[in-house]
Q: 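Before we start, here is the structure in question, set down as structure tokens.
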Amino acid sequence: MSTLKRDDDYKFLRIVDAIASINQKVNLFGVVIETGLPKQTKGTDCIWCLKIVDESHPSPGIFVNVFAENFEKLPRVESAGDIVQLSLVLMKIHGSEVYAIFNKKYSSFALYEGRDGSRFVPYQVSSKFHAREQDKKFIAGLRKWTISRQPETASSDSLSLKEINEGHRFNLTCKVLHICEVKEGEWMLFVWDGTDAPPVNVHTKLEEEVENPLPLQLEASPLSRDVLRTFPAVGTVLRMTPEQCNEKLGLHLLKAGRWVQFRNISFKVHFGLWCGILQPFSKFCYLPNNDNLVLQCQRAYNERVKRKWDRVPLSSFPWPSHITDTDYQEVPFVTLMDILCYPEVTAKFRCVVRVLATFPTHPSNFRAPCGTYRLRLTLEDPTARLHAFLYAKDAVKFFGGYPSIDTMIKLQNALLGVEEKGAEKPRNPPWIQCCLKSYYVDKTNIWGSRKYRIFGTQLIN
DNA sequence: TTGGGG
């Protein structure tokens, strides 16, 4: 196996020439167009795979497999389109695919800003990296070339959350809002693009509400109000998890607040909630803030939130069902996320929601032995779920007095989107409008004892 | 050593 001679140290190959240098150690500059997910290998190291291109090989690019002894030493590419300088990487072939292998013992890397950068100082270097004056001309050359090149996101088919459906190999352009360790070594991402994920059918049986009520969120312990308050009030916050929890992904390295494009991900429904699934072969890359797709998402969201009457689910357009009517018709709707994040404990709202479940499950138990109504509804909109209680005179107004059990069953079926009595079909609850109030039950712990109650709302027969 | 483009 040949290595570069001393006087070849400054020699940087074009990718097309590196591809022809199998089993040799070469020096390269490239534009990073995609990264995998950082992973722990089966050996002792971590790996992060980059895909790079240059003018000699603008498509499809070659993979650079970078190994390092810990996650922190891996190249953390800040943005698709950034430039990587690689010294003494070994060119190898597997099948018909040519790779560059970064060996921690003798290879080195440096990362530079891409087309929008003007500095020649790398933002990250590996321990063996030495800067040289000649580097600048390669960086300047690549920057000049990338300006004429279409950004990667322009050509990739990317879904928005309002278009997701169950299946595999989707690309999603979104903003990472939050990353948290939900269990020891298990990380969950919270992503958003300003649109609403489509409502899904509820497959659980209503009777299961007694033993296994529908969860309000996918994470075992709900996010704190401080975290929720950093989330936008409009648009679905999608939870994303790795397909295999034991997959040793370095998800904690991802940065909240950045727009990214995920590639080759799946979407599944858990308990009627959409969930993004990261597979071992899923990719992601941070997008520059001036990426066209990012700007489009932000513009659409800004338009949406500034319209007074637009805080309703996209799929309830142009108007929710006419199953309910509310007082305070002049009050604009808010989202459940608005309600969860409202800065005061006691407040009144109007919103458009679906009723996923009732507890008790059968109308014959909606009233206590003393005759007073007392039931709990599980509500959702594209932004959140919450439990809302229906009590006493608010329930009398809601149900229009004390209808017969048969009538009550009909009302409940309409509310829950049950097609016919006794059918084993999934429920598809309609969007309804309702008034909600938040209140507390313990004066010494007002936030900890906050609850929600439906009022000023009636079912229309 | 590890991973390997699905």
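Hydrogens, waters and symmetry mates play no part in the numbers below; they use all other heavy atoms, side chains included. Chain naming here is simple, since letters A, B, ... match the order of the sequence lines and numbering starts at 1 in each.
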Q: For Gln279(A) and dG4(B), what is the distance between atoms CD and P respectively, to the nearest whole Å?
A: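 So the two atoms are 14 Å apart, to the nearest Å.
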Q: Please determine, for the side chain of Lys105(A), which listed nucleotide (dT1(B), dG6(B), dT2(B)) has the closest atom?
A: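 When the side chain of Lys105(A) is considered, dT1(B) is the closest of dT1(B), dG6(B), dT2(B).
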Q: Tell me whether the side-chain N or O atoms of Lys104(A) pair up with the base of dT1(B) as donor and acceptor below 3.5 Å, since no angle test is needed here.
A: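 Side chain to base: pair found, below 3.5 Å.
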Q: Just compare dG6(B), dG4(B), dT2(B) and give me whichever is closest to any side-chain atom of Thr41(A).
A: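 Between dG6(B), dG4(B), dT2(B), the one nearest the side chain of Thr41(A) would be dT2(B).
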Q: Round to a whole Å and report the spacing from NZ of Lys42(A) to C1' of dG3(B).
A: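 That distance rounds to 9 Å.
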Q: Applying ring pair (Phe, Tyr, Trp, His ring centres under 6.0 Å), which residue pairs with at least one partner in residues 267-286 of chain A are found, sequence neighbours left out?
A: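 Non-adjacent pairs meeting ring pair (Phe, Tyr, Trp, His ring centres under 6.0 Å): Phe170(A)-Phe267(A), Phe284(A)-Tyr286(A).
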Q: Do the side-chain N and O atoms of Ser266(A) and Glu243(A) include a donor-acceptor pair separated by under 3.5 angstrom?
A: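 The criterion, which ignores hydrogens and geometry beyond distance, is not satisfied for Glu243(A) and Ser266(A).
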Q: To the nearest angstrom, how far is Tyr99(A) atom OH from dG6(B) atom P?
A: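 About 8 Å, once rounded to whole Å.
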Q: Name all residues meeting the side chain to side chain donor-acceptor pair (under 3.5 Å) criterion together with Arg169(A); count only those two or more places apart in sequence or in a different chain, and write none if there are none.
A: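 Counting only residues at least two positions away or on another chain, Arg169(A) forms no side chain to side chain donor-acceptor pair (under 3.5 Å).
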Q: Applying side chain to side chain contact (heavy atoms under 4.5 Å, CB included), can you list everything that pairs with Glu133(A), at least two apart in sequence or on another chain?
A: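 Per chain and number, Glu133(A) pairs via side chain to side chain contact (heavy atoms under 4.5 Å, CB included) with Lys136(A).
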Q: Assess whether a salt bridge exists between Asp17(A) and Lys11(A), defined as any Lys/Arg side-chain N lying under 4.0 Å from an Asp/Glu carboxylate O.
A: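 No salt bridge links Asp17(A) with Lys11(A).
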Q: Could you tell me the separation between the CZ atom of Phe170(A) and the C1' atom of dG6(B), rounded to a whole number of Å?
A: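 Distance, rounded to whole Å: 16 Å.
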Q: Can you pull out the residues from residues 56-77 of chain A that lie within a 4.0 Å heavy-atom distance of DNA chain B?
A: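 Those residues whose heavy atoms fall under 4.0 Å from DNA chain B, taken from residues 56-77 of chain A in numerical order, are Phe63(A), Asn65(A), Phe67(A).
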Q: What residues form a side chain to side chain contact (heavy atoms under 4.5 Å, CB included) with Ile101(A), not counting sequence neighbours?
A: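 Here the qualifying residues are Asn65(A), Phe67(A), Leu90(A), Lys92(A), Tyr99(A).
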Q: Would you please name every residue forming a salt bridge (Lys or Arg N to Asp or Glu O under 4.0 Å) with Arg143(A), sequence neighbours left out?
A: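 Per chain and number, Arg143(A) pairs via salt bridge (Lys or Arg N to Asp or Glu O under 4.0 Å) with no residue.
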Q: Cys49(A) near the nucleic acid: base, sugar-phosphate alone, or nothing, with a heavy-atom cut-off under 4.0 Å?
A: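 Touches a base.
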Q: Output the rounded distance in Å from CD1 (Ile22(A)) to P (dG4(B)).
A: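 It is 18 Å, rounded to the nearest whole Å.
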Q: Has the side chain of Thr44(A) got a donor or acceptor atom sitting under 3.5 Å from an opposite partner on the base of dT1(B)?
A: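 Side chain to base: pair present.
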Q: From the set dG6(B), dT2(B), dG4(B), return the single nucleotide nearest to any side-chain atom of Asn264(A).
A: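 Shortest atom-to-atom distance from the side chain points to dG6(B).
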Q: Report the distance from atom NE2 of His94(A) to atom C1' of dG6(B), rounded to the nearest whole Å.
A: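 These atoms are roughly 13 Å apart.
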Q: Measure CD/Glu97(A) against P/dG6(B) and give the value in whole Å, please.
A: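 Distance, rounded to whole Å: 7 Å.
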Q: For Asn103(A) and dG3(B), what is the distance between atoms CG and C1' respectively, to the nearest whole Å?
A: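 Those two atoms, CG and C1', are 13 Å apart.
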